[in-house]
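I have placed the structure first, in the form of structure tokens, so that the comments after it can refer back to it.
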Amino acid sequence: MPSALILLGLAAYRLPHLLTPRSFAAGAFAFLIVGDVALTLGLLSKTTALIIIGASVSSVGRAGATVLIGLALSRLTQAGATIAICVAFIAQFVLGEGLINLPLAIPYVAFCIYPLTTAALSIKRGLPLIELAHHSEAPHDLAVVRPASFLAPFSALFVCLFLFQLAFGFSLRFGEVAGTPQYSVVCIIPPVLLAGYVLISRKRYPADLMVEVSALFIIAGFLLVAGNVLEHSKGAVSLLSIGNTLFSMTAWLALVAISARNPGGATTTMAWGRGVSSLGTLVGAAAAVRANAAIAAETSLEFVIAGVLLMAFAAYVIIGLKHFGFSEVIEGVQPLPEQTEVRTTAELFQAQCEAIAQTYHLTPREAEVFAMLAKGRNREYIESELVVSRNTVKAHVKHIYTKLGIHSHQQLLDLMESTSPDALQ
């Protein structure tokens with residue numbers, strides 16, 4: 001998935017006209033379905049090549065689903081996005097724990113259905129941003145004249161995401177038992193506390209504070225590993241799980257916030273950001289597997305490897321993040337004036353109706369009837385929908401025509417057409 005996300009991010013950065021909403025959505029679902037079918041057939045037939053192909057194809061679809069989810073989240077309020085991300089982390093943990101002891105087929109089906117479901121739920125809010133990117137000039141070109149509106153692919157934020165996720169990937173596999181990645185049930189604590197904090201205080205998400213707290217937990221976890229991995233393994237895993245969960249949520253929220261400030265660059269920001277994060281996790285996990293193999297041959301290397309990693313990570317936190325802040329990066333992204341608001345076709349239609357109703361001083365009920373007429377509904381439909389008599393509908397239509405200065409349904413539709421969605425956007 002990292003490679004698919006990174007390639008998607010580069011495409012959105014340099015050639016956004018290649019990404020159309022329809023092809024993006026169709027491609028994501030097609031890759032998910034075809035990949036899952038191939039993977040299932042490969043597992044049932046025990047065909048290694050088919051398993052590899054299925055997993056690879058499915059990962060491309062999951063990359064598309066990830067971007068759609070991120071784009072949809074960017075169109076929520078900051079509090080709404082925070083709660084949604086916290087709920088997602090909690091649900092992931094609860095489902096993981098609930099399915100772990102069930103027959104293998106059940107968690108596998110959940111694994112296949114989850115991205116399809118989340119992508120389907122995100123289409124309505126996410127695709128308008130794909131469409132905006134498709135019709136806009138490439139961020140690579142716009143960044144020349146508006147550098148403050150777009151993050152460069154190797155900006156400090158993306159480097160931070162990569163390095164923190166590298167530490168996460170390493171901690172996930174370092175010292176693993178029987179090839180099983182390590183995690184702790186305490187990883188559910190951060191999203192629960194954070195969701196409660198946002199709901200009760202109604203304050204902004206403290207991104208910089210969460211990064212600092214995350215770093216403290218990760219450093220403390222590696223400190224225990226370097227001290228005595230056998231005696232303190234549970235404590236180390238717990239600390240690392242809390243730290244990594246905190247940072248993962250912060251990373252999601254940072255990308256969502258940046259995407260919200262500049263919708264035109266949202267697709268490349270989300271794809272590239274999630275791509276480098278996933279790549280960091282993959283590289284860290286691979287390094288941990290190699291470290292485990294080295295330790296198996298020479299146990300004294302355990303302390304050395306953990307100590308070196310601890311020192312490198314601490315050095316980056318103290319020196320590398322000295323002049324860097326998530327909040328500063330987010331606030332530093334300047335929205336493009338023409339892209340400050342993105343609306344779906346339904347929202348634009350509703351805006352048209354509201355604008356006309358306000359201009360011609362329609363009553364709330366007349367505005368409701370007008371919207372139905374604008375959709376092409378006949379009087380019988382309106383009578384049934386509003387549960388009113390035929391004469392009442394006729395009276396409303398007569399008043400609407402009089403206020404708008406028209407005499408037919410076709411003239412009403414012509415009026416709607418003359419007030420274009422583009423003009424309102």
Please check: side-chain N/O of [X] versus main-chain N/O of [Y], any donor-acceptor pairing under 3.5 Å?
X	Y	value
His407	Tyr401	no
Ser248	Asn244	yes
His134	His17	yes
Ser155	Leu151	no

May I ask you to check whether over 12 heavy atoms, not counting those of [X], lie within 6.0 Å of atom [atom1]?
X	atom1	result
Gln411	CD	yes
Phe89	CZ	yes
Phe217	CZ	no

### Query
After noting the C-alpha distance and the side-chain angles of Met249 and Met210, does the key distance pass the side chain to side chain contact (heavy atoms under 4.5 Å, CB included) rule?
CA-CA 9 Å; Met249 290 192 300; Met210 291 300 99; over 6 Å; no
Closest approach of [X] to [Y] (non-hydrogen atoms, all atoms of both residues):
X	Y	answer
Ala374	Met416	CB-CG, 3.8 Å
Leu5	Ala63	CD2-O, 3.5 Å
Leu129	Ser74	CD1-OG, 3.4 Å
Leu50	Ser45	CD2-OG, 4.5 Å
Leu32	Ala65	CD1-CB, 4.5 Å

Can you tell me how far the [atom1] atom of [X] sits from the [atom2] atom of [Y], to the nearest 0.5 Å?
X	Y	atom1	atom2	answer
Ile69	Thr118	CD1	OG1	3.5 Å
Ser58	Leu39	OG	CG	6.5 Å
Ile382	Ser384	CD1	OG	11.0 Å
Ile85	Thr250	CD1	OG1	9.5 Å
Leu10	Leu15	CG	CG	9.5 Å
Glu368	Cys353	CD	SG	11.5 Å

Test item: [X] and [Y] side chains (from C-beta on) under 4.5 Å apart, heavy atoms:
X	Y	answer
Tyr360	Ile400	no
Leu76	Arg125	yes
Ile218	Ser214	yes
Ile330	Leu157	no
Phe370	Glu354	no
Thr268	Leu8	no
Leu362	Val369	no
Phe168	Thr245	no

### Task
Specify whether Phe164 and Phe247 have parallel, tilted or perpendicular ring planes, treating 30° as the upper limit for parallel and 60° as the lower limit for perpendicular.
parallel
Under a plain distance cut-off of 3.5 Å, with no hydrogens placed, do [Y] and [X] share a side-chain donor-acceptor pair?
X	Y	value
Tyr108	Thr40	yes
Ser389	Thr392	yes
Gln165	Thr281	yes
Thr20	Ser23	yes

### Query
Does Glu366 pair with Lys403 as a salt bridge, N-O distance under 4.0 Å?
yes
### Message
Evaluate Asp36 against Arg62 for side chain to side chain contact (heavy atoms under 4.5 Å, CB included), listing each step before the verdict.
### Response
CA-CA 11 Å; Asp36 289 342; Arg62 288 172 185 273; 4.2 Å; yes
#### Entry: Full working for side chain to side chain contact (heavy atoms under 4.5 Å, CB included) between Ser259 and Thr269
CA-CA 7 Å; Ser259 298; Thr269 296; 4.0 Å; yes
### Task
Run the numbers on Thr267 and Trp272 for side chain to side chain contact (heavy atoms under 4.5 Å, CB included), then give the verdict.
CA-CA 8 Å; Thr267 304; Trp272 184 262; over 6 Å; no
